[in-house]
Amino acid sequence: MLQQTPVVRVLPVWERWMARWPTPADLAAEPAGEAVRAWEKLGYPRRALRLHACARELEEVHGGRVPSDLAELLALPGVGEYTAAAVSSFAFGIPATVVDTNVRRVQARAVTGQALPEPSYTRAEARLADALMPQRETQDGIREANLWNAAAMELGALICTARSPSCDVCPVRQRCAWIAAGQPAPHYQPKGQAWEGTDRQVRGAMMTVLRAAESSVPEALLTAVGPLPQARDLDAQRGTPEQTSEQWRALRRLAAGAEQRQRCLTGLIADGLAVQDGAGGVTLPA
DNA sequence: CACTCGTGGAC
DNA sequence: TGTCCAAGAGT
């Protein structure tokens with residue numbers, strides 16, 4: 001849930017999720033669509049699919065337990081380098097080099113002296129992160145290493161933030177290479193991600209409708225260009241009307257052509273986020 | 001390596 | 001107001 005998503009947005013969803021599915025077995029017993037629905041509006045709904053697949057793999061391959069081995073973690077669906085290292089270090093107390101966007105920014109500033117890390121994660125950053133990790137030969141060293149991971153992330157998340165860092169209260173400001181260099185501006189220009197008219201926007205609107213629907217949604221409603229039926233005509237297929245009428249409006253509002261809508265729906269089906277019911281309808285996966 | 005994939009708060 | 005960006009992963 002935390003992948004590319006702010007902590008404060010994750011927390012309430014995570015609480016509900018854990019109350020409903022306390023163990024991998026609980027989640028594995030559900031249809032994938034329930035995971036997608038419970039994902040709510042965290043974004044990147046494929047993560048919900050992968051987490052569900054992960055729960056099933058934990059059941060089938062790991063006896064319902066989360067493995068502590070880094071390579072085994074890495075092999076799980078939706079678990080990449082960052083997540084594997086974070087689980088190893090934070091959940092199991094086994095040090096692994098945790099590098100997320102916060103750590104990258106802290107390193108770029110405090111050590112390299114740049115305002116921002118490179119646009120894409122480089123091998124040099126990975127080597128630097130490894131070199132900065134405390135030694136972990138002794139028990140104390142192991143604790144230090146795990147603490148280091150948490151400290152680097154928290155420093156980046158709370159003090160050394162992307163927009164307006166709180167350098168005045170930063171505990172490492174005396175040794176910060178970026179401060180020492182006079183806080184130079186970024187050496188590249190971040191390219192903003194477009195949104196209006198993108199496939200992401202269309203897919204997102206379609207997923208909003210599918211999550212809100214209690215039964216199959218006619219394909220034509222998702223792919224039709226031009227005015228869609230009035231929200232009241234769709235009551236039979238929806239959850240609570242108040243909650244979802246706005247979401248239908250969002251779909252109607254899209255400036256998406258027929259080919260784009262069709263491509264996006266096909267993409268959602270290919271991703272396993274939507275399935276066809278054989279009668280011209282679409283639902284979340286069973 | 002470059003690209004795709006959601007969402008909404010902050011400034 | 002529009003832009004930026006957030007505990008990345010998979011292809």
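A note on names: the letters A, B, ... follow the listed sequences, proteins ahead of strands, and every chain is numbered from 1.
The side chain of A/R105 places an N or O atom within less than 4.0 Å of a non-bridging phosphate oxygen (OP1 or OP2) of C/dA6. Side-chain nitrogen and oxygen atoms of A/R203 include at least one within less than 4.0 Å of the OP1 or OP2 phosphate oxygen of B/dG6. Note on A/R47: every side-chain N or O is 4.0 Å or more away from OP1 and OP2 of B/dT4. Contact between the side-chain N/O atoms of A/Q4 and the OP1/OP2 oxygens of C/dG8 is found at a separation under 4.0 Å. A sub-4.0 Å separation between OP1 or OP2 of C/dA7 and a side-chain N or O of A/Q3 is absent. Of the side-chain N and O atoms in A/T83, one or more sit less than 4.0 angstrom from OP1 or OP2 of C/dA9.
Counting any heavy atom pair closer than 4.0 Å across all strands shown, A/G43 reaches a base atom. Counting any heavy atom pair closer than 4.0 Å across all strands shown, A/T101 reaches sugar-phosphate atoms only and no base atom. Residue contacts shown for A/V79 are limited to sugar-phosphate atoms, with no base heavy atom under 4.0 Å away. A/R9 comes within contact range of at least one nucleobase, with a heavy-atom separation under 4.0 Å. Residue-level contact check: A/Q201 touches neither bases nor backbone, having no heavy atom under 4.0 Å from any strand. Within the nucleic acid shown, A/A162 comes within 4.0 Å of sugar-phosphate atoms alone, with no base atom in reach, counting heavy atoms only.
Here the side chain of A/D100 is nearest to one of C/dA9, B/dT7, C/dA7, namely C/dA7. Between C/dA7, C/dG10, B/dA10, one nucleotide has an atom nearer to the side chain of A/M153 than all others, and that is C/dA7.
In this structure, A/Y82 places its OH atom 9 Å from P of C/dA7, rounding to the nearest Å. Straight-line distance from the CE atom of A/M206 to the C1' atom of B/dG6: 15 Å, rounded to whole Å. At whole-Å resolution of the value, CD in A/E154 and P in C/dA7 are 9 Å apart. The nearest whole Å value for the distance from the CG atom in A/D271 to the P atom in B/dG6 is 8 Å. When rounded to the nearest whole Å, the span between NZ of A/K41 and P of B/dT7 equals 6 Å. One can place CD1 of A/I159 at 17 Å from C1' of C/dA6, the figure rounded to the nearest angstrom. Rounded to a whole Å, the CH2 atom of A/W195 is 5 Å from the P atom of B/dT7. For the pair A/L74 CG and C/dG8 P, the computed distance is 16 Å after rounding to whole Å.
Under 3.5 Å, the side chains of A/E125 and A/Q107 contain no donor-acceptor pair of N or O atoms.
The pair A/E59-A/R56 does not count as a salt bridge, with every side-chain nitrogen at least 4.0 angstrom from each carboxylate oxygen. Ion pairing of A/R143 with A/D140 is present here, as a side-chain N (NZ or NE/NH1/NH2) and a carboxylate O approach within less than 4.0 Å.
Contact annotation: the side chain of A/H187 approaches that of A/E118 to within less than 4.5 Å [non-hydrogen atoms, C-beta and beyond]. Side-chain atoms of A/N102 and A/L155, non-hydrogen and from C-beta on, never get closer than 4.5 Å to each other.
To the nearest 0.5 Å, the span separating CG on A/L51 from CG on A/L58 amounts to 9.0 Å.
Annotation: B/dA2 and C/dA7 have their C1' atoms spaced 23 Å apart (nearest Å).
Comparing A/K191 and A/S164, the nucleotide of DNA chain B nearest to each residue sits closer to the 5' end for A/K191. When each of A/R163 and A/Y44 is assigned the nucleotide of DNA chain B bearing its nearest heavy atom, the one mapping closer to the 5' terminus is A/Y44.
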